[in-house]
Amino acid sequence: MKVGRVQNFRSWSPDLVPKLARCLTQDRLTRREMDVLLAMSTGASNKDISQRLGITDATVKTHVRAILSKVGAGARTEAVAIAARSGLT
């Protein structure tokens with residue numbers, strides 16, 4: 001699945017703010033999770049990310065699950081939107 005660029009962040013609902021706050025305080029992303037998140041923000045697939053970072057597809061999936069959990073997102077696009085809104089991407 002490719003994730004397209006997310007635009008018009010001002011229209012995102014205010015319920016994303018608590019999710020972002022939790023991400024930035026109690027559940028900080030690791031450096032590798034940030035690498036994966038940044039790659040996700042470009043629309044890279046798991047396979048693309050694994051090749052770019054020199055890790056397995058399974059490891060990418062593990063990082064994506066951790067990212068979704070830590071930021072409280074239900075999908076990759078939501079995680080990217082939260083990151084973009086916070087200035088992380």
Side-chain angles (χ1 to χ4, degrees):
M1 170 175 88
K2 290 217 175 213
V3 178
R5 283 201 164 281
V6 181
Q7 297 178 352
N8 196 9
F9 300 110
R10 292 188 180 120
S11 67
W12 288 92
S13 68
D15 68 325
L16 294 179
V17 175
K19 292 177 182 181
L20 173 61
R22 188 176 74 231
C23 167
L24 296 177
T25 57
Q26 71 182 39
D27 291 330
R28 293 185 181 262
L29 298 177
T30 66
R31 176 73 179 139
R32 189 53 112 185
E33 289 166 351
M34 283 297 301
D35 293 340
V36 171
L37 180 58
L38 290 172
M40 286 168 44
S41 73
T42 69
S45 67
N46 286 354
K47 183 175 183 171
D48 294 336
I49 296 169
S50 70
Q51 291 173 347
R52 192 179 302 174
L53 299 179
I55 57 179
T56 68
D57 289 348
T59 301
V60 173
K61 289 177 186 178
T62 297
H63 288 310
V64 170
R65 280 192 302 272
I67 292 164
L68 296 180
S69 175
K70 288 180 179 183
V71 302
R76 292 168 69 110
T77 52
E78 185 179 7
V80 170
I82 292 168
R85 189 171 186 158
S86 71
L88 296 175
T89 59

**OP:** Give the intermediate values and the outcome of side-chain contact (heavy atoms from CB on, under 4.5 Å) for residues R31 and V36.
**Re:** CA-CA 9 Å; R31 176 73 179 139; V36 171; over 6 Å; no
Original post:
Is there a donor-acceptor pair closer than 3.5 Å between any side-chain N or O of S69 and the backbone N or O of A66?
Top reply: no
**OP:** Could you tell me which residues satisfy salt bridge (Lys or Arg N to Asp or Glu O under 4.0 Å) with R32, sequence neighbours excluded, listed by chain and number?
**Re:** D35
Subject >> salt bridge (Lys or Arg N to Asp or Glu O under 4.0 Å) partners of residues 49-62, not counting sequence neighbours, each pair once >> reply: none
Heavy atoms, side chains only, cut-off 4.5 Å: are [X] and [Y] in contact?
X: I55; Y: H63; value: yes
X: S41; Y: V80; value: yes
X: M40; Y: T77; value: no
X: R76; Y: N46; value: yes

**OP:** Hey, could you give me the OG1/CG distance between T59 and L53, rounded to the nearest 0.5 Å?
**Re:** 10.5 Å
Original post:
Can you tell me how far CD of E33 sits from CZ of R28, rounded to the nearest 0.5 angstrom?
Top reply: 13.0 Å
**OP:** Return the set of residues passing side chain to side chain donor-acceptor pair (under 3.5 Å) with R65 (not counting sequence neighbours), or none when no residue passes.
**Re:** T62
[X] and [Y]: which non-hydrogen atoms are nearest, and at how many Å?
X: L37; Y: L29; result: CD2-CD1, 3.7 Å
X: A73; Y: A79; result: CB-N, 3.6 Å
X: E78; Y: G74; result: OE1-N, 2.8 Å

